[in-house]
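Read the structure below first, then the notes.
Numbered from 1 within each chain, the chains take letters A, B, ... in sequence-line order.
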Number of protein chains: 2
Amino acid sequence: MAEGPRRRGPERAFTDEQIVGVALDLLDEHGPDALSVRRIAAKMGLAPNAIYTYFPDKQAILRAVVDRIVGERDTQILNDTDAPWRERIVRVSLDIRTRLLAHPGSALLFMSAPIDGPNSLALGEGLLGALAEAGLDAADAARASYAVIVYVLGSVALEASELDPTVPLPAEADRIAERRGAFAAVPAEWFPRTAAVTDVMAAYIGTEQFTWGLERLLDGFAARGR
Amino acid sequence: MAEGPRRRGPERAFTDEQIVGVALDLLDEHGPDALSVRRIAAKMGLAPNAIYTYFPDKQAILRAVVDRIVGERDTQILNDTDAPWRERIVRVSLDIRTRLLAHPGSALLFMSAPIDGPNSLALGEGLLGALAEAGLDAADAARASYAVIVYVLGSVALEASELDPTVPLPAEADRIAERRGAFAAVPAEWFPRTAAVTDVMAAYIGTEQFTWGLERLLDGFAARGR
DNA sequence: ACCTGAACACCGTTCAAGT
DNA sequence: ACCTGAACACCGTTCAAGT
């Protein structure tokens with residue numbers, strides 16, 4: 001997108017990237033409600049409408065924030081062909097989960113718009129490569145890669161829905177302990193099977209649950225590829 | 001929660017359920033942005049703050065809307081023990097998917113708060129029953145039931161993110177055709193594997209993709225149970 | 001081209017007052 | 001107890017004007 005040298009009026013005071021950075025700071029420090037055009041502008045010492053010089057509307061800012069977070073991913077994991085395909089997919093999934101949970105306020109942003117930025121396409125491309133090694137044909141590998149993305153994003157969104165977005169992520173053990181207390185109230189006479197497994201349900205938010213479900217999905221891929 | 005017979009002042013003009021109904025109508029007709037306390041009140045001929053006689057805050061209204069939609073589910077499917085467990089889970093998942101997609105504006109609501117209403121607990125209970133038949137022990141069945149919920153809600157949320165929430169759901173074939181056009185633009189030299197499967201990617205939003213991933217997950221459960 | 005001041009059409013929520 | 005009128009502290013976005 002080469003533009004001619006436009007040299008009229010004052011220099012741009014900020015870059016798009018700086019605006020995205022301020023937006024991400026607001027999200028992490030004060031939660032999704034604080035991610036407003038007016039607060040971004042205020043934090044940068046700009047009039048609210050000056051933001052519209054950089055982005056056409058608020059939705060564009062949100063998409064750029066999503067892209068920024070996706071870009072934090074460790075892109076080496078999937079390409080490390082020394083490791084078997086299963087291990088690579090598990091590791092990249094855990095990596096993404098950790099990075100998204102570090103910005104709990106962002107979880108819904110990932111579900112609210114198509115994830116079709118270059119970073120996202122690169123992730124899909126890497127997944128396709130790993131899944132080809134699983135013995136899946138191209139069409140099945142494509143379906144499998146999307147299923148992995150659905151599972152990862154769905155897990156994170158549900159997990160983040162119980163988090164305070166304005167506070168650093170508590171230790172997993174503490175989060176599980178808190179849920180254990182809440183689940184103690186399930187009435188065993190109405191939901192007997194549920195009441196019998198409240199300990200496991202308390203751990204739904206944990207790494208172990210996340211990995212367990214992902215492994216079952218990968219088992220299914222492996223069986224299909226054989 | 002039995003309350004004493006309070007008989008002072010005028011009768012309640014509406015019920016909680018009527019308010020939830022109006023909220024759902026606004027959501028379906030004008031999208032999530034129209035789901036505001038003030039618009040609900042206006043549509044009922046009330047002053048905006050009168051709503052706070054029925055619900056403590058907007059979040060409570062949103063939770064009630066979610067509960068209403070979950071309640072639309074066909075509760076017989078999971079209990080029909082004539083059918084094998086796999087078929088029951090696939091059928092209930094497709095049923096839920098269809099009902100949620102009928103309210104595209106609601107998709108994010110399901111990811112934005114813990115789904116712990118009685119209807120949701122009943123769903124979990126039914127899943128646990130079906131998964132016990134898969135040969136999973138109680139702890140694994142609990143993990144599996146949550147994985148299914150993650151997969152279903154994640155699929156619907158990602159699928160709904162591309163829908164116009166103010167318009168009835170177009171036919172699946174039309175939605176896939178539109179995506180096919182969009183994906184034609186993926187640069188093959190940068191993302192060769194992706195470009196080779198754009199036809200499948202266009203169908204990510206479809207029933208076939210949904211079922212394929214779910215079946216792989218269930219394959220994984222079955223292998224674990226054996 | 002970039003930015004400001006002012007305005008428009010909204011929000012969710014609270015408070016005091018009326019019946 | 002239920003409801004209204006008025007207000008508070010916000011939104012996203014647009015428009016005309018200044019440099």
Check your understanding: Between D:dT13, C:dC2, C:dG12, which one does the side chain of A:K58 approach most closely?
Key -> D:dT13

Review point. Does D:dT13 have a Watson-Crick or wobble partner in any strand here, with both distances under 3.5 angstrom, and which is it?
Key: C:dA7

Exercise for review: Calculate the interatomic distance between A:I51 atom CD1 and D:dC15 atom P; express it in whole Å.
Suggested key: 19 Å

**Study point:** Closest listed nucleotide, where the reference is the side chain of B:S36 and the choices are C:dC3, D:dG12, C:dG12
**Key:** C:dG12

Review point. Can a side chain N or O of A:Y52 be found less than 4.0 Å away from OP1 or OP2 on C:dC2?
Key: no

Study note, to complete from the structure: Here the distance between atom P of C:dC2 and atom CZ of A:F55, to the nearest Å, is 13 Å

Review point. Distance only, no hydrogens: is a donor on one side chain within 3.5 Å (strictly under) of an acceptor on the other, for B:E29 and B:T166?
Key: no

Point to revise | Value in whole Å for how far the C1' atom of C:dC10 lies from NE2 of B:H30 | key: 16 Å

Practice item. With B:R179 as the cation and B:Y204 as the aromatic partner, state whether NZ or CZ is under 6.0 Å from the six-membered ring centre and within 45° of the axis. Key: no

Exercise for review: Please state the P separation for the pair C:dA9 and D:dA9 - nearest whole angstrom.
Suggested key: 22 Å

Revision key, fill the gap. By nearest-heavy-atom nucleotide on DNA chain C, the more 5' of A:L46 and A:R38 is A:L46

Review point. Between B:I40 (CD1) and C:dG12 (C1'), how many Å, whole number?
Key: 12 Å

**Study point:** Whole-Å distance separating the CG atom of B:L26 from the C1' atom of C:dG12
**Key:** 16 Å

Exercise for review: Calculate the interatomic distance between B:Q59 atom CD and C:dG12 atom P; express it in whole Å.
Suggested key: 12 Å

Review point. When you check the phosphate oxygens OP1 and OP2 of D:dC2, does a side-chain N or O of B:Y54 lie under 4.0 Å from one of them?
Key: no

**Study point:** Per A:V37 side chain, nearest of listed nucleotides D:dC3, D:dT13, C:dG12
**Key:** D:dT13

Review point. Once you round it to whole Å, what is the distance between C1' of D:dT13 and CD1 of A:I61?
Key: 12 Å

Study note, to complete from the structure: Note: for B:D57 and A:F14 on DNA chain C, the residue whose nearest nucleotide lies more 5' is A:F14

Practice item. Kindly determine whether B:L128 and A:F191 satisfy side chain to side chain contact (heavy atoms under 4.5 Å, CB included), including the steps that lead there. Key: CA-CA 10 Å; B:L128 288 179; A:F191 307 110; over 6 Å; no

Point to revise | Selected nucleotide, minimal atom distance to A:A50 side chain, candidates C:dT4, D:dC2, C:dC2 | key: C:dT4

Check your understanding: What is the pairing partner of C:dT19, taking Watson-Crick or G-U wobble pairs with both distances under 3.5 Å in any strand?
Key -> D:dA1

Exercise for review: May I ask you to check if B:R12 and B:Y54 form a cation-pi contact, with NZ or CZ under 6.0 angstrom from the six-membered ring centre and within 45° of the axis?
Suggested key: yes

Exercise for review: Send over the distance from A:D16 CG to C:dA1 P, rounded to a whole Å.
Suggested key: 16 Å

Review point. Do B:R99 and B:D95 pass the salt bridge (Lys or Arg N to Asp or Glu O under 4.0 Å) test, and can you show the C-alpha distance, the side-chain angles, and the key distance before you say yes or no?
Key: CA-CA 6 Å; B:R99 288 175 200 280; B:D95 179 55; 2.8 Å; yes

